[in-house]
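In what follows, chains carry the letters A, B, and so on, assigned in the order in which the sequence lines appear, proteins first and then strands, with residues in each chain numbered from 1. Computed from a predicted structure; not experimentally measured.
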Amino acid sequence: MSTLNNPTEQVLTGMTSNPRGRFIAPTAGVSAHTREITLAQAIREALAEEMRRNPSVFIIGEDVAEAGTPFKVLAGLVEEFGPERVIDSPISEAGITGLGVGGAMTGMRPVVDIMFGDFIGLAMDQIVNQAAKVHYMSGGKLQVPLVIRTTLGATRRSAAQHSQSLHAWVSHIPGLKVALPSTPYDAKGLLKTAIRDNNPVVFFEDKMMYQLKGPVPEEEYTIPFGVADIKREGTDITLVATSSMVQVCLTAADLLEQEGISAEVIDPRTTFPLDKQALIDSAKKTSRAIVVDEGYERYGVTAEIASIIADGAFYYLDAPVKRMGAMDVPIPFSPVLEDLTVPAPERVAELAKTLCGR
Amino acid sequence: MSTLNNPTEQVLTGMTSNPRGRFIAPTAGVSAHTREITLAQAIREALAEEMRRNPSVFIIGEDVAEAGTPFKVLAGLVEEFGPERVIDSPISEAGITGLGVGGAMTGMRPVVDIMFGDFIGLAMDQIVNQAAKVHYMSGGKLQVPLVIRTTLGATRRSAAQHSQSLHAWVSHIPGLKVALPSTPYDAKGLLKTAIRDNNPVVFFEDKMMYQLKGPVPEEEYTIPFGVADIKREGTDITLVATSSMVQVCLTAADLLEQEGISAEVIDPRTTFPLDKQALIDSAKKTSRAIVVDEGYERYGVTAEIASIIADGAFYYLDAPVKRMGAMDVPIPFSPVLEDLTVPAPERVAELAKTLCGR
Amino acid sequence: MPHSELSGAKGIPVQAIMGDEQATALSQEQWLHMYEQMLKIRIFEEHVNELYKSAKMPGLAHLYSGEEAVAVGVCEALRRDDYITSTHRGHGHCLAKGASVDRMFAELLGKEAGYCRGKGGSMHIADQDTGNLGANAIVGGSTAIATGAAMSSKMRGSEQVAVCFFGDGALGQGLLYEAMNMAALWKLPVIYVCENNLYGEYTHFSEMVAGEISARARAFGIPAEEVDGQDVREVHAAAKRLVERARSGEGPAFLICNTYRYYGHHVGDISRSYYRSKEEEQEWRTNHDPLTLLSRWLLEEQGVDAGVFKEIERRVTAEVEAGEQFALDASYPEPGEVAEDVYA
Amino acid sequence: MPHSELSGAKGIPVQAIMGDEQATALSQEQWLHMYEQMLKIRIFEEHVNELYKSAKMPGLAHLYSGEEAVAVGVCEALRRDDYITSTHRGHGHCLAKGASVDRMFAELLGKEAGYCRGKGGSMHIADQDTGNLGANAIVGGSTAIATGAAMSSKMRGSEQVAVCFFGDGALGQGLLYEAMNMAALWKLPVIYVCENNLYGEYTHFSEMVAGEISARARAFGIPAEEVDGQDVREVHAAAKRLVERARSGEGPAFLICNTYRYYGHHVGDISRSYYRSKEEEQEWRTNHDPLTLLSRWLLEEQGVDAGVFKEIERRVTAEVEAGEQFALDASYPEPGEVAEDVYA
Ligand SMILES: Cc1ncc(C[n+]2csc(CCOP(=O)(O)OP(=O)(O)O)c2C)c(N)n1
Ligand SMILES: Cc1ncc(C[n+]2csc(CCOP(=O)(O)OP(=O)(O)O)c2C)c(N)n1
Ligand SMILES: [Mg+2]
Ligand SMILES: [Mg+2]
């Protein structure tokens, strides 16, 4: 029964048969020496490499050490780096974020783990009034090289307080950077960049994608922020997709292909800095665009991106820019309802067909 | 010196010579029995009337009783209703919000006072994960008739943590309603509606507008949510403006009139429910639109409204829909910098002229 | 005995309405009722675990097995219209406060007949009729809500008491201290019940809690008591005293119940050796089981017949099985319901 | 004597490097230095008030006058590279940690030469060079930041101590308890200095704080001390002890300094009778003034000549006046700077 979870699953690794899951080839930078690893492994590798490289990097969060987080993403790190650098904290989201800010201001590079993205509400003051503003308020003297790793994504049957995608909140705030990878390759490269960045970065991982596999080079690499990635080229319509929605849109593109519609799927990878030009250029090329993101639709990420495209590609558009976010309801528990709240490939394809006049 | 505050001011009532301030005639519902009162008085009247009408309404917040808040908005209420219904709390934004949620679930109608809108970060979990979701999560059984009154607006020389306009955050969240009045008339009518609503409502008052005067009827009235108000009719361009930006746009419209451009100024009054149709209709009529709001521009309220208009009026627009929010920087202290961060009438008018091809 | 049959007796202090002898007699009945309630939770949770293992339940659930004496001991000290707030590990609280198994199962399976029409699920069951303001998936998230309900009760003069259940993990959440401060300042009728089951997820509480738990309440001028949370008689006696104290206007209290969860943090947490030993688990099950402790006392010191327990078990099992079947047979919500109940 | 000239003596415990006699001799100089620092704060704040009243300062400011012994007594127990976090009422902490008046005035006036290039203003002055991690306009907002700085110091093995200044009002913020819990668990070198000046804005602390303040720290296993915050000798002695304890790895401490602000909550709060009496204000100014208490002791018991105080006052006044003039003459930031420093 696809609406239910896998009963033998012992850890919260997301569904093993992720309905959104599919293999995605990274579109750039992959060398001959690649392996297939999961997104969770990619995250773990990024952290391990950066912790080896720079002794000031450390991890703090709830059940990050022996447990390796409930998603097991950090498994093995405490064994290599010890409990001084992989620190199990009390259940104090605001507190650990604040400790991270103070640590970052004084020479460390903390990576704070906020288990579920829904919990950032608890830490918003520390993220927004402290981390985001210290550099500016101090006239450029103090820096906050802090990474906050957290999750997004629904369909895990976790209901209203464990399923939200709240990245719009932090994308709204000057002083923060926001990354949201959609493949193992992007996850590793973006997280390494985040850790080396001298600014607070909020890093959202789709909890349903942790077991998604993809090629990742053996060699070290990083991915710059603010560079969108075309996950699939196309000519008839642009599907701008973030995080979890990249796979939904790739599947939609497959469906559209069967109808003779060539869809381009482009992933901004960071909502700030945002590669506006690449998004606009794609829309100019195709003359149609849909923006798909798993955050609540209203006042969400789709609004910003849609309005940028509608403005920047105004004279090239053959149809209004459309948006698909999560349905504007608290996320329900019942699988039959929950699945309705997230954009699905069929719905994206349907809308795309309409825009293309089919 | 207009960049400095009034030295004789004894309470934080905002500037007496508010640079944005001007008289605004309410466009509807005003009877013969009107008086000129300030926005602060209008708020106070709304609270007093609703507290007289319904004994389950009470106020809780920091320095709300004898002090009547630092802005003196609540002055006199504790004298009429006593300290049991106008409750001075400790400095615990999350705590008082949570108390409000619990009170609202059990028969009361709390009005929680969060002094500066910047502080909602402290209460976001209670607002978003609790207040907004209780009704839905309980399958419709429990209700949260809660009002959170807070402030927005810069140019008070209060720097980065006391000047933000964070209404986009809560507008993003299903389960919440969000009101932001721009006149004394609207303030009173909308607040009364908010208090009678059976849902959590976040109510943003522009702290710089408290001393703004405007006509308010003697008789009781309420203003329904989700009904935009045309503050000035026009034919050449639509200026969608919220809260503090209504006056900015009215001034801009004056400037434009001198250039022979007729600007329509429309105020949605509530960001949720949002009167999409009225906004789209106005843009269809004028064929051009600028959305002006004091929140940070990126991923802010202007994005939602602009993308709705760009979509809904697509075939009627002669120019791309433009947006003006606060500059995407933490709000600086220095007046010479701070004033640059907020949309000004001249800049709105300039952009409007460009859009109109002048 | 179904919960409702005793509700009269629970509403009014027993001693107030009858002589000492009768009180003892009824007491025995009360203890048996508590036994039944605890057993109902135990068997309910076992069925939940099976539903998970057989892939019939969506998502996960945090089982209350082992901690039954806390919920039952406390809730039996409450009136039906008193409030509780509950946690992610909330099935026990919900049943103890009087919810029925069928609609709970239905909720856990995401069915329309569930307490929340399938929208809440395991972590959000609320039941207004029994004063359950809802489970909460934010650790510590309901501490202020319970305090607000107590404030509301005081304002309305309704003499309702609010009980806030939370785990040792919630001691890490600042909100608890904000709420306790106000409860103490304003003498609100709220009881903070800290269920210290030794772990927050996979971490021992001693790694997360500095100092003394009871001192954290006392620092706010709130009296704190600590009881063996496996002994329902101890829990109930303390709860009764504190609830009556709160009801009579003397303010909040804090009750630490030392307890243990038999299963993993959630149903999927089955390899636990990296954070706790099999021996420790066995020790609690063997020597500190709330059902065994109560039944042994009733058998050995109160002369209750062994057959009585058999009969209770038969009844409870039947009730749970029927409830489960009801839920399995029940229908899912209609798609259109997804957009209902967002606004009142 | 400028702060820097004493820094060597402050870095190393006095008794460790010289005999008892010399220690006393240096002590007197130290006390005079503290007097000078306190006086500098006092005079600085008077000028700030005048700048406000003459409409030369944008916005508002929260004056530290009356509380000088707290900032100075504590900061004189710190190394230059030790950290402090400060509050909306932060001018005193900033000066006491070694900032200079000219750049502070410039910041208050929003000038480019200010410590934060005019971007921070009164409520956000930070000075990395003296370890001041910044004032904070969120009540309690820096409690975790200070704790994080202490954690960082421990990780880097730098033996720096972090001091977190906050008002009685911050006791209402849950974050403080989250931070103290972790500081205690991990024995972090952080001192929580609670400046109880009796009021949070316009409300007496007794209406906002239930129980005992010191118990709130002790509940987390953090030792708490309470001193007369008007007596710099008492403050300094306690601070020194606690700072050295923290530096040597023995963990956090909590220091309550009972004090009083002479002016209103901010410069615009001039009609205060609805929340406190003129008599109360007078009593503090007359009988508990930190400058008077220290100078009287130095005069009467330490044989310091009255002329010394005159000389200090002359020097400080000149410094403050020059600093103010510097700031008045300084230029505003260029418009383009508004978009700088958003990202590093
Ligand atoms: C604010 C918040 N942080 C983290 C979590 C994830 N989480 C769920 S249960 C749990 C442990 C809670 O421990 P405790 O309060 O002792 O309750 P128990 O599970 O032992 O009953 C955690 C960390 C959460 N739900 N909410
Ligand atoms: C989180 C937060 N809530 C409210 C305020 C508004 N506010 C500014 S100062 C203050 C009182 C602070 O009192 P206290 O901590 O005792 O410091 P004091 O002003 O007495 O030095 C309040 C409520 C704020 N700045 N931050
Ligand atoms: Mg626990
Ligand atoms: Mg104070």
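Closest heavy-atom contact between Gly95(B) and Ala144(C): O-CB, 3.8 Å. Scanning both residues, Gly148(C) and Thr106(B), for their nearest heavy atoms gives O-OG1, 4.5 Å. Closest non-hydrogen pair, Met155(C) versus Ile87(B), comes out as CE-CD1, 3.4 Å. Across all their heavy atoms, Met182(C) and Ser92(B) have their closest contact at CE-CB, 4.1 Å.
For a heavy-atom cut-off of 4.5 Å, chain C lies close to Phe58(B), Ile60(B) in residues 50-69 of chain B.
Side-chain N or O atoms of Arg117(C) include none that pairs as donor or acceptor with a backbone N or O of Tyr136(B) at under 3.5 Å. Distance alone, capped at 3.5 Å, places no donor-acceptor pair between the Asn198(B) side chain and the Ala344(C) backbone. A donor-acceptor pair is defined here as one N or O able to donate and one able to accept, closer than 3.5 Å; no such pair exists between the side chain of Ser138(B) and the backbone of Cys116(C). Using a distance-only test at 3.5 Å, with no hydrogens or angles considered, a donor-acceptor pair links the side chain of Gln126(B) to the main chain of Gly141(C). The backbone N or O of Tyr115(C) lies less than 3.5 Å from a partner atom in the side chain of Lys141(B), making a donor-acceptor pair.
Phe105(C) meets the ring-ring contact (aromatic ring centres under 6.0 Å, His included) test with Phe44(C); sequence neighbours excluded.
Between Phe225(B) and Tyr343(C), the distance from one ring center to the other does not fall under 6.0 angstrom.
Rounding to the nearest 0.5 Å places CG of Leu99(B) at 9.5 Å from OG1 of Thr143(C).
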